[in-house]
Amino acid sequence: MRAPILKAVSAPPRLFWAPFLPAAANMAMQMPFMFIGMGLWKLNPIFFIPSILLVHLFLIIYGAKEPHLSKMMASYGPMAKPSLNIYKEKGNKLAP
């Protein structure tokens, strides 16, 4: 009964061997540039494949060192804004 929970924690989802969320963000960023280049300047989409593959290769390498990169990106959103300190000190304190 505990096997699915352990598998989900130890093996996060991947998209072509890269962590899912960064790989999806890579495609979401690169595809509009490719379609804009195709529409405005009549560029061949083959010119965009090296940059897509290079970034994906970087994500595969970085994802091998840090497999939970998707969860780190998802949890960054709520923690991105600095907290308000009660006392004037250097740095952010989550509790006084």
Side-chain angles (χ1 to χ4, degrees):
M1 180 155 194
R2 292 190 308 168
I5 295 171
L6 294 176
K7 183 178 179 190
V9 170
S10 66
R14 301 209 170 264
L15 182 65
F16 300 117
W17 304 285
F20 181 76
L21 194 57
N26 175 34
M27 296 306 282
M29 294 286 292
Q30 299 255 0
M31 288 294 165
F33 289 123
M34 182 177 72
F35 289 125
I36 289 171
M38 287 168 47
L40 293 179
W41 299 295
K42 309 259 188 275
L43 290 176
N44 193 342
I46 293 177
F47 293 125
F48 293 95
I49 290 176
S51 69
I52 293 171
L53 291 177
L54 187 69
V55 172
H56 196 77
L57 182 65
F58 171 75
L59 289 174
I60 290 171
I61 293 169
Y62 193 68
K65 290 189 341 185
E66 185 58 61
H68 295 283
L69 192 59
S70 295
K71 291 295 180 188
M72 289 169 55
M73 285 179 67
S75 66
Y76 177 73
M79 299 302 290
K81 54 187 171 216
S83 65
L84 297 174
N85 296 341
I86 295 175
Y87 305 108
K88 193 168 188 129
E89 293 180 23
K90 264 188 165 177
N92 293 326
K93 309 289 185 210
L94 296 176

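Predicted, not measured: the structure shown is a model, and the values here were computed from it.
Residue-environment remark: CE (M29) stays at or below the threshold of 12 foreign heavy atoms within 6.0 Å.
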Donor-acceptor contacts under 3.5 Å from residues 35-61 side chains, at least two apart:
| residue | atom | partner | partner atom | Å |
| --- | --- | --- | --- | --- |
| N44 | OD1 | I46 | N | 3.4 |
| S51 | OG | Q30 | OE1 | 3.0 |
| S51 | OG | F48 | O | 3.0 |
| H56 | NE2 | F16 | O | 3.0 |

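Counting only residues at least two apart or on different chains, no side-chain hydrogen bond (donor to acceptor under 3.5 Å, both in side chains) pair has a member in residues 11-24.
Across all their heavy atoms, P22 and S70 have their closest contact at CD-OG, 3.5 Å. Considering every non-hydrogen atom in both P67 and A64, the closest pair reads CD-O, 4.4 Å. Across A18 and A23, no two heavy atoms sit closer than the pair CB-CB, 4.1 Å.
Taking the side chain to side chain contact (heavy atoms under 4.5 Å, CB included) definition, one finds that F33 meets it with nothing, sequence neighbours left out.
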